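Numbers here are sequence positions counted from 1. Only a predicted model underlies this, so the values are computations on that prediction, with no experimental measurement involved.
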Amino acid sequence: MSPIKNKISQLFKSKKLNVFVLFFIISLTILILSKLSQNYQGTLVFKVKPTNVKETQVILNDTSNQLKITLDTYGFKWLRYAINKPTVEVDLESDVILKDSTLIWTEKKGFSNISKQFGKNVKVVNVNPDSLIFRYGVNQIKKIPVKTDFNITYAQGFNTLDNVKVHPDSVKIIGPASLLKDINYVKTKHKDFKDLKSNINTLVDLVVDSISNDVKIEANKVQFKIEVSKFTEGIVTLPITIVNVPDHIKINYFPKQLTVKYATTIDNFNSISEEDFKIECDYKNSKNKSYLIPKIVTKPNNIKNVRLQEQQIEFIITQQ
């Protein structure tokens with residue numbers, strides 16, 4: 001065996017063999033490229049993908065339809081189809097006829113659209129069958145609110161003027177009426193935002209695990225955005241206005257003014273004045289009572305945590 005091994009080893013080391021192998025590889029490559037450059041005609045089975053399906057339509061047989069398409073093209077294209085599973089799109093808006101609960105695709109209406117999908121170097125010779133039937137069901141559309149599940153705390157001295165909300169604040173769900181009737185809202189995934197000092201702008205997942213797979217939801221994420229600012233406390237002292245006092249009655253009340261405390265951003269603090277507020281007491285609401293209830297009926301939009309120093313105004317009738 002040893003002499004045989006030595007001869008084989010010498011053969012592989014021979015320069016003549018190396019040259020032969022090199023020329024063999026070059027010749028094979030040229031042959032393959034030559035074959036791939038030639039035109040061929042053949043038939044392939046294409047999986048059909050419906051497009052432009054209406055929101056309310058559910059295609060019931062979208063995995064069963066296939067088209068046998070005869071193509072005339074060069075070998076490189078055929079190699080591509082051999083590597084990737086071929087798929088062709090069928091337009092269910094422009095290339096179909098509506099009949100009862102079916103959409104009928106015909107070669108006559110859809111041939112042009114099929115040809116465009118292959119490009120100028122591929123000729124579509126024939127399409128078989130000449131029609132496809134798509135059965136569909138009708139769904140309903142329902143809009144439901146998005147409820148947030150956030151635990152938000154701010155660092156000392158920080159807060160926000162924004163309402164805690166997400167965008168969009170509601171989403172569409174599409175499905176059979178029997179499934180939609182019990183779905184009244186969708187919640188966000190629980191999130192903790194602790195000791196906030198800076199703005200938040202993030203995507204939050206919606207909890208859709210309990211929603212049937214037969215129900216389509218418009219989005220599975222929503223945008224949560226909130227602007228966080230440094231806050232300070234403001235104080236104003238305001239006169240009280242009594243309304244709805246009958247003409248034949250005069251009253252005296254105490255105190256005549258109330259202190260209002262509020263929180264706002266440092267940037268807004270200097271723009272807020274007493275003229276932005278108004279406190280009223282409605283005499284009609286004092287029936288069988290010896291006091292009036294003050295309410296802030298006018299206030300700026302850029303404040304929060306507004307509170308009155310007094311919750312009751314004592315009064316007496318001085319003339320009837």
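- Annotation: side chain of D195 is not in contact with side chain of F158 (no heavy-atom distance under 4.5 Å).
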Test log, rule side chain to side chain contact (heavy atoms under 4.5 Å, CB included), inputs L92 and N52
CA-CA 6 Å; L92 295 190; N52 289 327; 5.6 Å; no

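- No chain of hydrophobic side-chain contacts below 4.5 Å, direct or via other Ile, Leu, Val, Met, Phe, Trp or Tyr residues, connects V297 to V260.
- Counting only heavy atoms from C-beta outward, the side chains of Y136 and V53 never approach each other to under 4.5 Å.
- Side chains of N113 and D95: a donor on one and an acceptor on the other come within 3.5 Å.
- Side-chain contact between I174 and I141 is present, with heavy atoms from C-beta onward closer than 4.5 Å.
- In this structure, K256 places its NZ atom where more than 12 heavy-atom neighbours from other residues, nucleotides or ligands lie under 6.0 Å away.
- Placement of V45 and F111 in two distinct hydrophobic clusters is found when ILVMFWY residues are connected by side-chain heavy-atom separations under 4.5 Å, directly or transitively.
- N184 places a side-chain heavy atom less than 4.5 Å from the side chain of K142.
- In the hydrophobic cluster analysis, where Ile, Leu, Val, Met, Phe, Trp and Tyr join through side-chain heavy atoms closer than 4.5 angstrom, I240 is grouped together with I317.
- The two residues N139 and P176 have their closest heavy-atom pair at OD1-N, 3.2 Å.
- Counting non-hydrogen atoms of other residues, nucleotides and ligands closer than 6.0 Å to CD of E233 gives a total above 12.
- Hydrophobic cluster membership differs between V164 and V207, with clusters built from Ile, Leu, Val, Met, Phe, Trp and Tyr side chains linked at under 4.5 angstrom.
- Of all heavy-atom pairs between L180 and G175, the closest is CD1-O, 3.6 Å.
- A donor-acceptor pair is defined here as one N or O able to donate and one able to accept, closer than 3.5 Å; such a pair exists between the side chain of T160 and the backbone of E227.
- By the neighbour-count criterion of 12 heavy atoms within 6.0 Å, atom CG of N301 is sparsely surrounded, having that number or fewer from other residues, nucleotides or ligands.
- The minimum heavy-atom distance linking T153 with K194 is given by the pair OG1-CA, 3.2 Å.
- Looking at T264, N159, T265 one by one, the single match for side-chain hydrogen bond (donor to acceptor under 3.5 Å, both in side chains) with K304 turns out to be N159.
- Between P129 and L67, some side-chain heavy-atom pair lies under the 4.5 Å cut-off.
- Within the 3.5 Å criterion, the main-chain N or O of V228 finds a donor-acceptor partner in the side chain of N199.
- Rounding to the nearest 0.5 Å gives a distance of 11.5 Å between OG1 of T232 and CG of D267.
- Under the 4.5 Å side-chain contact rule for hydrophobic residues, I242 and I296 share a cluster.
- More than 12 heavy atoms of other residues, nucleotides or ligands lie within 6.0 Å of CG in D192, so this atom counts as buried by the packing criterion.
- For K165, the NZ atom counts as loosely surrounded, since its 6.0 Å shell holds 12 or fewer non-hydrogen atoms of other residues, nucleotides or ligands.
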Start with the C-alpha distance between L103 and L98, add both sets of side-chain angles, then the distance that settles side chain to side chain contact (heavy atoms under 4.5 Å, CB included), and finish with yes or no.
CA-CA 5 Å; L103 298 167; L98 178 62; 3.6 Å; yes

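- Nearest heavy atom pair, residue P294 against residue Q311, reads CD-O, 3.2 Å.
- Here Q223 contributes atom CD and N201 contributes atom CG; the two are 4.5 Å apart, rounded to the nearest 0.5 Å.
- Checked options I114, I133, D130; the residue passing with W105 is I114 (criterion: side-chain contact (heavy atoms from CB on, under 4.5 Å)).
- Classified by interplanar angle (parallel below 30°, tilted 30° to 60°, perpendicular above 60°), the ring pair F150/F224 is tilted.
- Rounding to the nearest 0.5 Å gives a distance of 12.5 Å between CD1 of I200 and NZ of K225.
- Between Y283 and F315, the angle of the ring planes goes over 60°, which puts this pair in the perpendicular group of the 30/60° scheme.
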Between T43 and T70, does a side chain to side chain donor-acceptor pair (under 3.5 Å) hold up when you go through it step by step?
CA-CA 4 Å; T43 301; T70 302; 2.8 Å; yes

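- Side-chain contact between V166 and V204: absent, with no pair of heavy atoms (C-beta onward) separated by less than 4.5 Å.
- A donor-acceptor pair under 3.5 Å is absent between the side-chain atoms of Q117 and the main chain of V88, judged by distance alone.
- Between L308 and I279 the shortest side-chain heavy-atom distance falls below 4.5 Å.
- Distance OH/Y154 to NZ/K197: 15.0 Å, rounded to 0.5 Å.
- With values rounded to the nearest 0.5 angstrom, F118 atom CZ is found 5.0 Å from L71 atom CG.
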Hey, mind stepping through K187 and K147 against side chain to side chain contact (heavy atoms under 4.5 Å, CB included) and telling me if it holds?
CA-CA 5 Å; K187 290 179 68 175; K147 291 188 176 182; 4.2 Å; yes

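- The minimum heavy-atom distance linking L238 with E274 is given by the pair CD2-O, 3.6 Å.
- Annotation: the span from N285 atom CG to I293 atom CD1 amounts to 6.5 Å, rounded to 0.5 Å.
- The two residues K109 and V96 have their closest heavy-atom pair at CE-O, 3.6 Å.
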Step by step, work out the side chain to side chain contact (heavy atoms under 4.5 Å, CB included) result for T259 and V236.
CA-CA 6 Å; T259 297; V236 291; over 6 Å; no

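- Side-chain contact between V215 and V208: absent, with no pair of heavy atoms (C-beta onward) separated by less than 4.5 Å.
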